[in-house]
Amino acid sequence: MTSPENRNENDGNRLIQAIRGTRDLLPGETEAWDVFEGLVRDTMALYGYREIRTPIFEETQLFARGIGEHTDIVGKEMYTFRDQGDRSITLRPEGTAPVVRAWLEHKLGAQGVIDKLFYIGPMFRQEAPQKGRSRQFHQFGAEIIGTDAPEADVETILLFLAILEGLGLDSWTLHLNSLGSRESRMAYREELTGYLEGVANMLPEEVRGRIASNPLRVLDSKEEQVQEVTAGAPSILDFLDDASREDFERVKTLLTDRGVPFVINPRLVRGLDYYERTTYEILSPDLGSQDALCGGGRYDGLGEMLGSPERIPGVGFAAGIERILMALETAGEDLVFEAQTEVAVVSIGEAARRRLFALCDQLRGAGVACHFDLTERSVKAQMREANRLDARLAIIAGDKDLEKDEVTLKDLASGEEEAVPIERIIPVVVERLEHTDPELEE
Ligand code: AMP
């Protein structure tokens with residue numbers, strides 16, 4: 001059967017469109033993304049994080065083991081396929097497991113160093129597309145591998161908040177929890193399972209199914225009915241072992257020292273199996289139901305799940321770029337970027353066209369962003385295009401001008417024009433652009 005989603009390639013000459021849940025980033029948006037990524041990179045550098053780029057696809061086992069078989073991600077959201085060699089391959093649904101895999105594989109911690117790494121890139125999850133939720137989306141994330149110091153947990157939070165501050169996004173709520181150690185979580189899980197079995201008949205069927213496989217996940221369901229029914233569930237914070245409790249206290253103290261407000265949310269278990277101790281989420285009031293800007297926590301057991309003989313402590317977060325940009329838009333904060341084209345080159349006649357084509361390339365060599373009109377339309381149309389591009393200057397010449405080795409230089413803001421000898425035009429343009437740089441004039 002052919003549903004709208006899996007219409008196959010046999011339906012003739014239909015216009016092919018991007019796959020549901022994915023989208024194109026068009027010019028106009030890409031500039032804002034560049035500015036955004038620049039800010040992320042600058043802030044990461046300020047905090048001492050270095051970039052890592054891992055492949056977009058990995059062995060399926062990496063995620064099955066690290067994230068856990070009974071999570072939504074592994075259970076139903078991964079893009080998994082068999083390649084020509086019959087290997088099971090998965091498009092990465094998240095960045096932490098690949099980073100830890102790479103860290104172990106390349107023995108980045110060989111000298112006992114603490115590594116601070118960040119990544120930016122696309123992630124893939126086959127979720128039901130809705131506002132704030134797509135199938136290819138983009139995250140940036142930071143990881144500190146090699147220490148279980150609570151300062152590391154807090155540093156990742158401060159780093160993310162510094163990025164929000166840099167963007168001018170100042171409304172957010174930090175939700176904080178501790179899942180304790182794996183052992184204390186097991187004890188809690190048992191208690192919680194008993195409680196949930198007692199109220200199971202009041203839970204929707206698909207939530208009921210989680211009681212046996214992943215009872216903690218029942219708690220972070222957003223459904224009102226589930227929240228009401230489980231309101232009296234035992235709290236994970238009552239099950240923390242002494243070391244985890246002490247660690248959690250230190251995390252809270254460090255946040256308070258920095259004046260960072262937080263809400264303790266014992267239901268914040270996060271969907272992934274690898275978390276222990278600190279978990280956190282930073283939510284925005286400017287988004288609808290998909291309101292998490294970033295989620296993170298500590299994953300000290302992940303290295304072992306991926307085959308490391310030793311326990312590798314680590315902590316980090318992943319943040320959704322689309323969500324942050326949406327929140328910025330709602331908050332009315334614009335990412336400013338400078339118009340690209342500085343000089344538009346307008347030519348009339350064949351000989352002029354040839355000279356100015358060469359000149360345009362020389363201007364680029366001198367670092368000037370230059371637009372050569374590739375259509376052979378009228379001067380008027382070329383000037384209209386120059387204005388549309390928001391160019392600061394136009395260089396205009398016809399065959400006659402070039403017989404005199406001259407061009408006309410026009411300031412598109414003031415409308416002033418002057419004749420400039422062609423051999424002087426590059427230094428004059430460079431000087432003029434420096435002179436009219438709005439930033440310098442402020
Ligand atoms: P998670 O690893 O699920 O906690 O995701 C971390 C962050 O990535 C979330 O807080 C969101 O901002 C973003 N995110 C997760 N899933 C999606 C999705 N399907 N579409 C868009 N953004 C997402």
Side-chain angles (χ1 to χ4, degrees), residues 18-23 25 29 33 36-37 40 54 62-63 66-68 70-79 90-100 118-143 156-157 159-161 163-164 167 169 171-177 179 214 216-217 219-222 265 267-275 278-299 302 314-331:
I19 288 174
R20 198 161 107 89
T22 72
R23 76 186 186 96
L25 284 180
E29 285 175 292
W33 278 63
F36 176 80
E37 289 179 11
V40 169
T54 63
L62 172 65
F63 304 110
I67 300 173
H70 297 295
T71 57
D72 283 355
I73 293 184
V74 175
K76 51 185 193 201
E77 292 170 2
M78 293 203 304
Y79 280 99
T90 292
L91 300 187
R92 63 177 186 198
E94 62 99 47
T96 301
V99 168
V100 172
F118 80 93
Y119 59 84
I120 307 186
M123 304 292 161
F124 307 87
R125 295 183 195 172
Q126 194 159 346
E127 297 187 82
Q130 64 179 90
K131 186 165 178 272
R133 204 196 259 177
S134 43
R135 292 181 168 174
Q136 171 172 332
F137 59 99
H138 298 76
Q139 290 184 333
F140 68 90
E143 317 285 358
T156 61
I157 295 173
L159 164 64
F160 181 72
L161 294 178
I163 291 172
L164 291 190
L167 292 166
L169 253 189
S171 15
W172 45 262
T173 314
L174 166 61
H175 280 210
L176 193 66
N177 191 22
L179 302 182
N214 196 348
L216 270 69
R217 285 283 284 128
L219 292 184
D220 69 2
S221 165
K222 294 219 158 126
N265 177 359
R267 287 174 169 258
L268 179 66
V269 295
R270 311 262 307 127
L272 291 63
D273 271 5
Y274 56 56
Y275 284 113
T278 311
T279 55
Y280 60 87
E281 254 176 25
I282 293 171
L283 313 178
S284 163
D286 298 319
L287 298 173
S289 62
Q290 303 299 316
D291 58 354
L293 294 174
C294 127
R298 183 161 274 293
Y299 47 82
L302 177 59
V315 63
F317 68 78
I321 299 183
E322 285 85 352
R323 297 258 183 104
I324 294 175
L325 295 177
M326 260 165 54
L328 269 178
E329 207 179 308
T330 315

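The shown structure was predicted, so the numbers you read here are calculated from the model rather than taken from an experiment. Whatever order the structure lists ligands and atoms in, that order sets their numbers, starting from 1.
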- Inspect the surroundings of CG in Leu25 and state if more than 12 heavy atoms from other residues, nucleotides or ligands are less than 6.0 Å away. yes

- Enumerated ligand 1 atoms positioned under 4.0 Å from heavy atoms of Cys294: 10 (O)

- Query: Hey, looking at atom 3 (O) of ligand 1, which of Arg125, Gln130, Arg270 has the closest heavy atom?
  - Reply: Arg125

- Message: Donor-acceptor check, side chain of Thr96 to backbone of Glu143, threshold 3.5 angstrom: yes or no?
- Response: no

- Return yes or no for this condition: an N or O of Gly320 is under 3.5 Å from an N or O of ligand 1. yes

- Query: How long is the gap from CG on Leu176 to CG on Asn265, to the nearest 0.5 Å?
  - Reply: 9.0 Å

- Would one find an N or O of Ser134, backbone or side chain, under 3.5 Å from an N or O of ligand 1? yes

- Decide ring pair (Phe, Tyr, Trp, His ring centres under 6.0 Å) for Tyr79 and Phe124; before the verdict, give the C-alpha distance in whole Å, the side-chain angles of both, and the deciding distance to 0.1 Å. CA-CA 7 Å; Tyr79 280 99; Phe124 307 87; 7.0 Å; no

- Run the numbers on Arg125 and Asp72 for salt bridge (charged side-chain N to carboxylate O under 4.0 Å, His left out), then give the verdict. CA-CA 10 Å; Arg125 295 183 195 172; Asp72 283 355; over 6 Å; no

- Please identify which atoms of ligand 1 are closer than 4.0 Å to at least one heavy atom of Leu293. 10 (O), 12 (O)

- Query: For the residue pair Phe63 and Glu94, what are the closest heavy atoms and their distance?
  - Reply: CE2-O, 4.0 Å

- Task: Measure the distance from atom 10 (O) of ligand 1 to every protein heavy atom, then report the residue, atom name and distance (to 0.1 Å) of the closest one.
- Result: Ala292 O, 3.2 Å

- Note on the structure: The residue among Phe118, Tyr299, Tyr275, Phe160 that forms ring pair (Phe, Tyr, Trp, His ring centres under 6.0 Å) with Phe317 is Phe160

- Checking heavy-atom distances from atom 18 (C) of ligand 1 to each of Phe140, Phe317, Phe124, Phe137, the winner is Phe137

- Which protein heavy atom lies closest to atom 19 (N) of ligand 1, and at what distance to 0.1 Å? Glu127 OE2, 2.6 Å

- Query: At what distance is the nearest protein heavy atom to atom 21 (C) of ligand 1, and which residue and atom is it?
  - Reply: Gly132 O, 3.3 Å

- Task: Identify, for atom 5 (O) of ligand 1, the protein heavy atom at the shortest distance, and state residue, atom and that distance.
- Result: Gln139 NE2, 3.3 Å

